[in-house]
Amino acid sequence: MVSNSCFETTLNLPSIDLSKPLNPSSISSLSEACHQWGFFNIVNHGISKSLYEDIRSFSNHVFDLSSETKLKLGPSSSVKTYTPHFIASPYFESLRVSGPDFHSSAQDSIDVIFHEDRHEFSEILEEYGNKMTELSKKIMKIVLMILGDGFDTRLYDSDFNNCHGYLRINRYSPPTDLEEKETTEGLGMHTDMSCITIVYQDETGGLQVKSKDGTWMDIVPSEGTLVVNIGDLLQAWSNDKFISSEHRVVLKKPVNRLSIAFFWCFEDEKVILAPNEVVGNENTRLYEPFVCLDYLKFRESNEEGKFEKVGFTVKDFVAHNTKNCLPMPVS
Ligand SMILES: O=C(O)CCC(=O)C(=O)O
Ligand SMILES: [Fe+2]
């Protein structure tokens with residue numbers, strides 16, 4: 001499980017400054033990043049450092065509870081908001097808070113694990129969820145703008161009108177015998193089940209994206225910067241004009257790592273079909289229309305130790321569907 005890695009480099013992603021209008025050069029570097037990496041940075045996003053500090057201290061408080069208490073929110077509980085160690089990886093655990101009512105989603109979990117009123121926790125998670133929702137809408141508009149010159153993004157408002165978001169607070173606890181210069185995977189290579197994901201990673205670092213030649217590139221954390229990555233749903237909707245990045249998290253230091261990922265997704269019942277204008281005349285449609293929920297069910301796994309399922313993508317889903325649609329051999 002623990003490996004020495006020598007082919008890793010740092011990736012410089014363009015930063016989109018959300019306090020300024022986009023100019024032609026930022027559009028062009030964003031477009032390149034979306035096609036090549038499926039990753040870019042945003043700055044001046046309006047989320048304060050103190051909100052992160054509040055969420056961090058709340059999260060550590062929850063993750064430090066006993067396994068027995070946390071499992072009251074686990075996969076076999078009624079709320080199912082906690083993913084324990086050994087589902088995605090031995091070192092990964094996470095807590096989910098779902099929109100659009102982030103307050104009540106957080107409160108449902110908090111009521112189960114605390115025997116006193118901790119409404120301040122639901123309030124900070126509500127604030128974060130609402131801010132991420134607004135940010136996601138803003139970023140989606142920017143991302144759609146780069147689809148092409150003269151492309152009227154209003155045409156697709158209806159496609160994205162019913163999007164919803166949820167956040168997952170992730171904590172990684174490296175193995176205690178992790179030695180200097182050794183790394184281990186905290187979360188294996190995967191693509192996200194979202195249109196876009198907005199990631200806050202703490203100063204520990206460890207997020208990596210896979211380049212086309214297979215090299216893992218470090219996305220180094222920078223204070224005040226959030227990382228955005230394209231997910232499978234937008235890749236399929238855009239007929240591969242946007243790339244859903246293959247990424248992972250490696251643990252390089254013997255310290256706990258915290259990240260918060262906000263997933264902005266199509267509604268479950270949406271039929272995903274790339275619009276004709278996006279496919280273009282010369283290109284073929286790469287994905288048969290599919291229902292979002294069918295893809296989510298294909299990807300989701302609560303099975304302990306089935307780490308390989310983490311790496312399935314929308315391409316695997318399409319291949320699986322095609323295989324299942326082949327005529328049965330005549331015996
Ligand atoms: O922890 C991170 O930095 C990224 C997490 C991630 O990729 C995910 O939750 O899908
Ligand atoms: Fe991810």
Side-chain angles (χ1 to χ4, degrees), residues 8 10-11 13 34 37-42 45 47 52 55-56 59-60 63 81-99 128-129 132 136 139 165-174 183-210 216-235 242-253 255-265 295-296 299-302 307-316:
E8 288 159 17
T10 298
L11 179 62
L13 292 172
C34 284
W37 300 106
F39 264 101
F40 58 92
N41 287 330
I42 52 168
H45 40 69
I47 315 282
Y52 281 112
I55 297 182
R56 271 173 84 145
S59 309
N60 284 326
F63 290 126
T81 49
Y82 172 67
T83 302
H85 290 133
F86 290 98
I87 297 281
S89 110
Y91 316 113
F92 171 96
E93 57 183 330
S94 79
L95 184 70
R96 177 181 166 131
V97 184
S98 303
Y128 191 75
M132 283 290 139
S136 301
I139 295 169
Y166 66 93
L167 60 102
R168 224 174 46 203
I169 308 172
N170 306 318
R171 185 163 84 167
Y172 302 82
S173 313
T183 63
T184 189
E185 269 185 359
L187 186 59
M189 182 184 84
H190 67 282
T191 56
D192 286 354
M193 298 181 271
S194 59
C195 289
I196 53 166
T197 308
I198 307 177
V199 182
Y200 161 83
Q201 58 166 338
D202 74 10
E203 63 290 340
T204 315
L207 179 59
Q208 294 187 328
V209 58
K210 199 176 185 185
W216 283 107
M217 310 287 284
D218 280 318
I219 297 182
V220 177
S222 157
E223 200 179 320
T225 300
L226 290 170
V227 182
V228 179
N229 66 277
I230 308 284
D232 276 0
L233 300 180
L234 195 61
Q235 171 167 316
F242 296 118
I243 294 304
S244 166
S245 53
E246 290 183 332
H247 55 284
R248 69 173 183 178
V249 175
V250 291
L251 308 174
K252 302 181 182 186
K253 299 174 191 163
V255 291
N256 286 344
R257 172 184 189 271
L258 195 90
S259 70
I260 313 170
F262 183 84
F263 302 90
W264 188 242
C265 309
Y295 155 78
L296 297 177
R299 288 280 316 264
E300 262 162 11
S301 166
N302 277 331
F307 306 138
E308 71 280 5
K309 259 202 107 173
V310 171
F312 282 173
T313 68
V314 70
K315 297 271 186 213
D316 297 311

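Note that ligands are numbered from 1 as they come in the structure, with each ligand's atoms numbered from 1 the same way.
With no hydrogens or angles considered, a side-chain donor-acceptor pair links Ser244 and Asp232 at under 3.5 Å. Side chains of Arg96 and Ser94: no donor on one and acceptor on the other come within 3.5 Å. Side-chain contact of Asp192 with Ser194: a donor-acceptor pair under 3.5 Å is absent, judged by distance alone. With 3.5 Å as the limit, one finds no donor-acceptor pair spanning the side chains of Asp218 and Thr10.
With hydrogens left out, the protein atom closest to atom 8 (C) of ligand 1 is Arg168 NH2, 3.4 Å, a heavy atom.
In Val199, the part holding a heavy atom less than 4.0 Å from any atom of ligand 1 is the side chain. Only the side chain of Phe263 comes within 4.0 Å of ligand 1, judged by heavy-atom distances. Contact annotation: for His247 versus ligand 1, heavy atoms closer than 4.0 Å belong to the side chain alone.
Salt bridge absent: Glu93 and Arg257 never bring a charged side-chain N and a carboxylate O closer than 4.0 Å.
Residue-ligand proximity, Asp192 to ligand 1, at heavy-atom distances under 4.0 Å covers atoms 10 (O). Near Ser259, the atoms of ligand 1 lying under 4.0 angstrom from a non-hydrogen atom of the residue are 1 (O), 2 (C), 3 (O). Each of the atoms 1 (O), 2 (C), 3 (O), 4 (C) of ligand 1 lies under 4.0 Å from some heavy atom of Val249.
Of the possible donor and acceptor atoms, one in the side chain of Lys253 sits under 3.5 Å from a partner among the backbone N and O of Thr204.
A search for ring-ring contact (aromatic ring centres under 6.0 Å, His included) contacts involving Phe242 returns nothing, not counting sequence neighbours.
Per residue Asp192, closest N, O or S atom to the Fe ion (ligand 2): atom name OD1.
Inclusion of Arg257 in the set of residues having an N or O under 3.5 Å from an N or O of ligand 1 is warranted.
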